[in-house]
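Letters A, B, ... mirror the listed sequences (proteins, then strands); counts begin at 1.
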Amino acid sequence: MDNKDLANLIFPNVKGYKYYEEKYPKRELPEGAQVMRYAPSPTGFVHIGGIYQSLIAKKLAKQTNGVFYVRIEDTDQKREIENASIQILQSLKDYDVYPDETINLDGTDNGNYGPYMQSKRKDIYQSYAKKLLEEGNAYPCFCSAEDLDKIRENQEKAKERTGYYGRWTKCRNMPVDMAIEKIKNGDPYIIRFKSPGNPDKKIRHKDVIKGSIEFPENDQDIVIIKSDGLPTYHFAHAIDDHLMGTTLVTRGDEWVASIPLHLQLFYVLGFKAPKYAHTAALMKQEGGSKRKLSKRKDPEAAVSYYKEEGIPKQAVLEYLMNIANSNFEIWRKQNPEKSMYDFDFDLKKMGVSGALFDMVKMLDVSKNVISRYSAEEVYEEAYKWAEEYDTELLEMLKNKEYSLKVLGIERGNVKPRKDIAKWSDVKDIIYYMYPEKFNKNEEFEYQKINDKSEIEKIIKLYFENYYNENDDKQTWFNKIKDLSEELGYAREVKEYKANPDAYKGHVGDVSTVIRIKITGKSNTPDLYEILQVLGKDEIMKRI
RNA sequence: GGCCCCUUGGUCAAGCGGUUAAGACAUCGCCCUUUCACGGCGGAGACAUGGGUUCGAUUCCCGUAGGGGUCACCA
């Protein structure tokens, strides 16, 4: 009885690794092309970090004429959540970071290196596990959870490293005959990797982002096949990224500690290891310290949050790109019209430690993104958002022709208006332009001029003697100056400032009265345009 | 606790032995044909700390402190 018998006993019916090596030939790609991936596990709602990872991978793949694929890592059946993979894929589609290859929504594969879902690759993993078993690089382990606890206890007592390694292992050196007998006897077991590592030796690894890192060699005999026959992350990673031809692994930096293990796995399996780029997580301030953006605690961690708030996907993407490469915003300023895919992204420029996620900055990016939209685009997006989240706004927007005029005020100029950061802002910004939403009897808060009789005087005089809806802007403005003068206010702000005691106020104070009377608000876009859009009939109703 | 990584203004960050230590967001002031938004100009605001190495350290080395990650039949 030898390792071969043992391997055959454990995995009698697998296709064998040679079959898979032939089935998945090396990808034919141009020089320098990177094969990138995003490998989420379907364990909950879609995290903004997933979009971040996908954006980076997709951008780099595109930039090098490579491939971006998504592999669903669903080897932990206990944690799996119904429909999560569908939602992940859907989000990637929503954010324009959909992969070139992946499992389709209907379960078929799009690409030649599938299945792109790990639970469908059981035979593949087992074929390689069998190979390792035959070579003596893996072994069945019969230790129970209690045995493992015991080992840990002893290690803690002895103040030694915890884990299943070296002299602490019970099954590593079990004679083959005994293992075979136990298996035949029906004893439960899992398969462990027989690590060749020596922790007294160091390995040095060059991470694309983190640079050179040195660690002790791995000597942990980690489990590679669990009792349900599925692989652990580490084993699946080595097999999949080898077979799928990944050239550059981008993943969260919680994985750097596993590098010695992963490199060892690739080596023992006879695979060429990919390059690694470990990205720092998006962080959140809590008290005096930082922590990862958390699904549980932070609403902004969920991609659904941005949809609900009405933050355009382009803004989310640009903000994320800015976190990834901070020179992006400089580029964006110089190239306001270009697609962000024209930006030359560089992994090496990524920060090594986690950045605090800054919603204020995100909204600023969003303002800029929206300011580049045409009235038509603003209308379409706001409408789509309102359909789902705000019936009142939807009602207003139903009048398309009029709404386009409203949204077009001060839009498309050299210095476009930047007052909308998210679609949920729109209603508050434009409601007074809609007759049914405006209530003239409400108590408005006037500013400098707040005496009721003075206000009435201004309004009466203006609309009786000055206002003419056919005036052009300059005429209109001059008339307000004339009005101001007639009532004892300065025609020019400068005049007033030069000699404040000579006047009751200035033209700005007067126009503010008109503005508030007509809109109910002191902060509005250009009053002339507002009056034009509103029209004489509606204006007369408001005074 | 072991191992690994990180530390420039409130935040994101340039910088890679000699700089008046960029820029963006936020903040404050002024300006712009009247508010707000935009834009322009300006202000305040930083190299965690102690030792080295060096003619010279934000930059290189060591220690300290603080922060983060990781030590599962989870990924």
Side-chain angles (χ1 to χ4, degrees), chain A residues 39-43 73-76 78-79 118 141 143 145 148 152 156 159-164 188-192 199 207 210-211 213-216 220 222-228 230-234 236-237 251-260 278 280-281 283 285 288-292 319 322-323 326-327 329-330 332-333 349 351-358 360-365 367 371 410 413-420 429 447-448 474 477-478 480-481 484 491-494 506-516 519 521-528:
Chain A
S41 34
T43 54
E73 309 227 319
D74 61 339
T75 55
D76 186 358
K78 295 183 290 290
R79 292 205 308 154
Q118 290 182 329
C141 172
C143 290
L148 264 20
R152 164 181 299 272
E156 279 167 5
K159 294 212 154 76
E160 290 199 36
R161 281 184 299 130
T162 56
Y164 205 82
Y189 64 94
I190 45 87
I191 312 292
R192 281 185 189 275
D207 188 87
K210 308 263 178 195
I213 314 172
E214 197 178 73
F215 341 55
Q220 297 279 343
I222 56 121
V223 353
I224 56 175
I225 300 288
K226 302 182 283 186
S227 55
D228 60 7
L230 287 169
T232 53
Y233 171 85
H234 309 290
H237 157 52
R251 48 152 47 161
D253 63 6
E254 67 269 23
W255 291 110
V256 304
S258 306
I259 287 177
H278 287 94
M283 308 296 277
Q285 185 79 241
S289 65
K290 287 183 182 179
R291 45 152 248 260
K292 281 207 258 184
Y319 175 65
N322 200 217
I323 286 187
S326 69
N327 54 321
E329 66 184 345
I330 296 166
R332 172 49 87 206
K333 214 162 196 174
K349 287 192 174 137
V352 286
S353 52
L356 240 33
F357 192 83
D358 185 352
V360 176
K361 177 101 181 182
M362 157 91 80
L363 291 177
D364 181 71
V365 171
K367 271 186 194 171
S371 77
E410 284 187 72
N413 317 344
V414 203
K415 292 192 276 180
R417 218 172 154 71
K418 296 187 179 177
D419 49 356
I420 304 173
I429 291 174
Q447 302 202 313
K448 195 163 161 192
Q474 194 54 54
F477 192 48
N478 285 337
I480 293 195
K481 287 185 178 178
S484 303
R491 291 181 69 92
E492 310 287 344
V493 179
K494 274 181 190 150
H506 59 75
V507 59
D509 301 323
V510 174
S511 70
T512 296
V513 168
I514 301 170
R515 183 188 308 277
I516 294 174
T519 67
K521 287 170 69 114
S522 64
N523 57 330
T524 76
D526 185 70
L527 184 55
Y528 175 75

Among B:G39, B:U34, B:U33, find the nucleotide with the atom closest to the side chain of A:Ser511. B:U34
Counting the atoms with a prime plus P, OP1 and OP2 as sugar-phosphate, which does A:Pro416 contact under 4.0 Å by heavy atoms, base, sugar-phosphate, or nothing? sugar-phosphate
How long is the span from the CD1 atom in A:Ile222 to the CD1 atom in A:Ile191, to the nearest 0.5 Å? 12.0 Å
Distance check, C1' atoms only: B:U59 and B:C47, in whole angstrom units. 10 Å
Which nucleotide in the set B:C74, B:G69, B:A37 lies at the smallest distance from any side-chain heavy atom of A:Lys78? B:C74
From the list B:U33, B:C73, B:U70, which nucleotide is the closest neighbour of the side chain of A:Lys481? B:U33
Stems with RNA chain B, 3 or more Watson-Crick or G-U pairs in a row (under 3.5 Å), are B:1-7 with B:65-71, B:10-12 with B:23-25, B:27-31 with B:39-43, B:48-52 with B:60-64
Table of protein N/O atoms under 3.5 Å from nucleotides 5-10 of chain B N/O atoms:
{"residue": "B:C6", "atom": "O2'", "partner": "A:Ser353", "partner atom": "OG", "Å": "3.2"}

Categorize A:Lys159 for me: base, sugar-phosphate, or nothing, with a 4.0 angstrom heavy-atom threshold over every strand shown. nothing
Once you round it to whole Å, what is the distance between P of B:A72 and CG of A:Asp228? 19 Å
Distance between P atoms of B:G63 and B:G2 (Å, rounded): 14 Å
Walk me through whether A:Arg515 and A:Thr524 qualify under side chain to side chain donor-acceptor pair (under 3.5 Å). CA-CA 8 Å; A:Arg515 183 188 308 277; A:Thr524 76; 2.7 Å; yes
Which of the following nucleotides, B:A26, B:G2, B:C71, is nearest to the side chain of A:Arg161? B:G2
By nearest atom, which of the nucleotides B:G39, B:U33, B:C73 is closest to the A:Lys415 side chain? B:G39
P atoms of B:C31 and B:G69, separation to the nearest Å: 49 Å
Where the side chain of A:Val360 is defined as all heavy atoms beyond and including C-beta, which of B:C25, B:C4, B:C74 is the nearest nucleotide? B:C25
Nearest-neighbour nucleotide for the A:Lys333 side chain, B:A24, B:U70, B:G23 considered: B:A24
Would you say the side chain of A:Leu148 lies within less than 4.5 Å of the side chain of A:Tyr164, judging by non-hydrogen atoms? yes
Nucleotide of B:C36, B:U34, B:A24 approaching A:Asn523 most closely (side-chain heavy atoms): B:C36
Regarding A:Glu329, tell me which of base, sugar-phosphate or nothing describes its non-hydrogen contacts under 4.0 Å with the strands shown. base
Partners passing ring pair (Phe, Tyr, Trp, His ring centres under 6.0 Å) against A:Tyr528 (at least two apart in sequence or in another chain): A:Trp476
Do A:His506 and A:Asp509 come close enough that some side-chain heavy atom pair is under 4.5 Å? yes
Taking the C1' atom in each of B:U20 and B:G29, what is the distance between them to the nearest angstrom? 22 Å
Consider the side chain of A:Asp526, meaning its heavy atoms from C-beta on, and name the nucleotide among B:A75, B:A13, B:U34 that approaches it most closely. B:U34
State whether the distance check finds a donor on one side and an acceptor on the other, under 3.5 Å, for side chain A:Ser227 versus base B:C73. yes
Just checking A:Gln474: base, sugar-phosphate only, or nothing, at a heavy-atom cut-off of under 4.0 Å? base
What distance, rounded to whole Å, do you find between the two C1' atoms, one in B:A14 and one in B:A21? 10 Å
Nearest-Å distance for atom pair NZ/P, residues A:Lys361 and B:C12: 11 Å
Nearest to the side chain of A:Lys418 - B:U35, B:A37, B:C4? B:A37
Does A:Ser522 reach a base, just sugar-phosphate, or nothing at all? Heavy atoms under 4.0 Å. base
Taking any heavy-atom pair under 4.0 Å as a contact, classify A:Arg332: base, sugar-phosphate, or nothing. nothing
Sugar-phosphate, base or nothing in reach of A:Thr75, heavy atoms under 4.0 Å: sugar-phosphate
